[in-house]
Amino acid sequence: MTNWLGNKKGCIRMSERITDSIPSCGCGSSSCSSKKNHNHNHHNHDHDHHNHHHQDDHNHGHEHNHDGQFSTKDIIEFVIALGLFLLGLLLKLDNTITIALFISAYLVVGREIIVNAFKGIFNGTLLDENFLMTIASITAFAIGEYPEAVAVMLFYRVGELFEGLAVNKSKNSIEQLLNIKPDIANVKVGNTYEKVQPEKVKVNDIIMVKPGEKIPLDGIVIEGNSTVDTSVITGESLPRDIETGTEVYSGGINLTGVILVRVTKEFNESTVAKILNLVKESNAQKANTEKFITKFAKYYTPIVVGIAVFLAIVPPIIVGDFATWIYTAAIFLVVSCPCALVISIPLGYFGGIGGASTNGILVKGGNYLEALRNVTSIVVDKTGTLTKGVFKVSQVILTDNNVDRDKVLQIASHIEHFSNHPIAVSIVNEYGKEIDEAKVTNIVEVAGKGIKAVFEGEPVVIGNKKLMKEENIIINNDNNNIGTKVYVAINNILVGIIIIADEIKEDTISAIKKLKEYGVKEVVMLTGDHEEVAKEIASKTGITKYYSELLPQDKVSKLEKIMETKNKNEKVIFVGDGINDAPVLARADVGIAMGAVGSDAAIEAADVVLMTDELSSIPRAIKIARHTNKIVWENIIFALGIKVVIMLLATIGFANMWMAIFADVGVAVIAILNSIRALKVKKL
């Protein structure tokens with residue numbers, strides 16, 4: 001049975017945008033760089049071109065991109081330096097040998113930091129971590145505090161190691177989630193077909209897609225007719241009928257016939273490839289808290305360095321004792337490094353992103369994670385979001401007193417048995433009894449309308465209203481029942497109407513209730529479906545406001561009106577699942593794509609991707625966002641508090657270099673370990 005209900009919606013191809021996904025962490029360390037170059041390409045596809053509303057902030061003081069890996073060379077150098085340091089510290093050797101051991105340890109562990117410090121003088125990053133560590137350690141050497149000088153560098157490298165391990169753990173958790181093996185493509189080679197990895201398929205190659213297989217690449221059908229499940233692409237639960245010349249998209253499931261497709265896009269343009277690139281090449285847009293700390297460090301560091309210079313010059317001129325005051329100034333320099341903040345805050349968001357990923361929630365940046373904690377309104381699509389997007393018989397209306405419900409289902413299921421169409425399958429499933437194919441003869445499909453056949457010697461017509469009208473079958477009892485209607489007629493007399501409707505997902509009602517408990521003031525439904533369908537779904541799920549019969553552009557305007565009523569601290573989420581939702585996903589403060597592994601446009605336009613179809617993931621995401629934000633502010637208060645205390649103690653002569661090292665690297669390590677807590681979200 002093909003296309004007897006027709007195709008409700010065409011596909012709107014949206015702009016292609018690979019959004020960054022993981023926050024960079026750090027403050028200009030030796031193994032990292034501060035370059036952030038992103039190119040976001042927007043292409044016009046078919047109907048629409050959309051420039052994403054979120055702006056990337058690319059200027060990040062004291063920032064580096066950490067790859068999350070420590071090389072064998074780094075570890076060997078650290079072990080050698082630590083060994084030399086301990087020899088000099090523990091063995092009672094000649095003073096010259098002891099100094100030589102400390103200098104050797106210092107150069108092994110700190111030479112890259114020193115080199116980067118001098119480079120920073122010329123590239124405008126004078127007061128970065130490298131420069132401050134170098135000046136503090138050289139000052140310690142100058143006044144004879146050799147162990148402290150080496151300890152500064154050793155502890156700094158320990159901090160880097162913890163940072164790398166934390167980043168790597170988060171990255172691994174995300175990559176494990178996205179370890180999706182692509183489908184095999186059957187590529188035509190001569191007169192045969194070879195199974196080939198989709199990555200190796202080229203544009204203009206011919207691929208064969210059999211029934212039940214996922215379409216591995218975008219292309220144009222050049223031979224064959226079939227029905228394709230495009231629910232993840234169009235958002236419509238009705239399958240789409242395809243024929244020669246029809247464009248098909250990767251992720252669609254071929255349901256009925258064998259088709260030959262000429263490939264129009266390489267694998268790296270496919271959905272799965274784009275998700276993997278999202279992880280591998282990611283440097284996320286910064287959260288507002290992160291921007292605040294970057295701006296804070298920009299003023300904070302020069303002020304503290306200025307005080308250190310003052311302490312090194314003015315008090316000695318007045319009271320003498322240059323060595324003591326220079327030592328005090330060096331303490332100030334070590335303490336002033338904003339390392340704990342600049343590393344741990346992005347890492348906190350990174351941990352939150354990693355923790356979210358283990359819950360099947362892919363967040364593309366720290367700014368979206370922060371925005372989630374301030375959500376006051378959620379706007380949702382209906383099909384595939386609130387509902388399953390799967391058809392099920394909801395009602396059988398009898399229109400002839402001589403035919404009962406079981407007879408109507410028996411006739412319909414015996415004839416629909418020959419079709420793989422989801423509506424046909426739902427009728428057969430509802431009947432639930434054995435099918436005797438011998439009872440059905442003379443099957444004739446009427447394209448876009450239904451089927452005519454002979455059942456147990458009687459002519460039967462099954463299909464939509466158009467087919468009934470064509471066959472002059474009178475419909476008297478056509479009430480306003482909600483759902484897709486399949487009319488069943490025997491001997492040109494209507495005997496029943498089978499109503500097939502979309503089911504509400506199991507967790508939809510509880511998820512909406514939970515969202516309201518989390519402080520979400522309103523949940524609004526936008527749908528392209530009919531008014532009566534929208535009204536029924538809204539009443540069943542507890543949604544008080546809805547808009548029906550909307551085109552994609554109408555959804556954008558409705559969302560914008562909702563957003564206009566909010567202040568800047570109140571965020572609006574849109575939740576959708578397909579290409580038709582892409583413009584709205586892009587426009588919302590936070591766009592969340594439901595079940596979007598099969599929809600490239602949804603993934604590109606969304607800021608958060610739910611790897612499952614569960615609406616209950618959204619309250620979980622909000623809870624993770626709030627948990628992460630709490631950890632970030634714990635780090636800010638703890639780090640700044642310790643630094644202020646040590647600075648005050650140093651000013652009055654009660655602090656030494658070891659305390660300064662703790663205030664910098666020790667606090668950084670503690671803050672980093674605290675940030676790793678953001679990964680532990682399973683009990684939330």
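Taking the side chain as every heavy atom from C-beta outward, His417 and Tyr431 never approach each other to under 4.5 Å. Side-chain contact check for Arg587 versus Phe574: every heavy-atom pair is 4.5 Å or farther apart. Side-chain atoms of Glu522 and Ile562, non-hydrogen and from C-beta on, do get closer than 4.5 Å to each other. Between Thr387 and Lys505, every side-chain heavy-atom pair lies at or beyond the 4.5 Å cut-off. Annotation: side chain of Ile220 is not in contact with side chain of Val261 (no heavy-atom distance under 4.5 Å). In this structure, the side chains of Ile207 and Val263 come closer than 4.5 Å at one or more pairs of heavy atoms.
Ionic pairing of Lys407 and Glu456 is present here: one or more N-O contacts between side-chain nitrogen and carboxylate oxygen are shorter than 4.0 angstrom. The pair Glu536-Lys540 meets the salt-bridge criterion, with a side-chain N (NZ, NE, NH1 or NH2) lying under 4.0 Å from an Asp/Glu carboxylate O.
Between atom NZ of residue Lys382 and atom CG of residue Leu550 there is a gap of 12.0 Å, rounded to the nearest 0.5 Å.
Residue Val495 forms a side-chain contact (heavy atoms from CB on, under 4.5 Å) with just one option from Ile490, Asp404, Asn402, and that option is Ile490. Paired with Leu467 under the rule side-chain contact (heavy atoms from CB on, under 4.5 Å), one option of Val461, Ile451, Ile462 passes, and it is Val461. Each of Val209, Leu255, Ile215 was evaluated against Val228; a single residue qualifies, Ile215, per the side-chain contact (heavy atoms from CB on, under 4.5 Å) test. Each of Lys466, Lys465, Lys452 was compared with Glu471 under the salt bridge (Lys or Arg N to Asp or Glu O under 4.0 Å) criterion, and only Lys452 meets it.
Between the side chain of Asn492 and the backbone N or O of Ile473 there is no donor-acceptor pair closer than 3.5 Å.
Side-chain contact annotation: Asn254 with Glu213, donor-acceptor N/O pair under 3.5 Å absent.
Atom CG of Asn491 sits in a crowded spot, with more than 12 heavy atoms from other residues, nucleotides or ligands closer than 6.0 Å.
Contacts of Arg405 classified as side chain to side chain donor-acceptor pair (under 3.5 Å), with partners at least two apart in sequence or in another chain: Glu430. Take Ser548 and apply the side-chain contact (heavy atoms from CB on, under 4.5 Å) test, not counting sequence neighbours, and it matches Thr527, Glu531, Ala534.
Sorted by first and then second residue, the salt bridge (charged side-chain N to carboxylate O under 4.0 Å, His left out) pairs involving residues 492-501 (not counting sequence neighbours) form an empty list.
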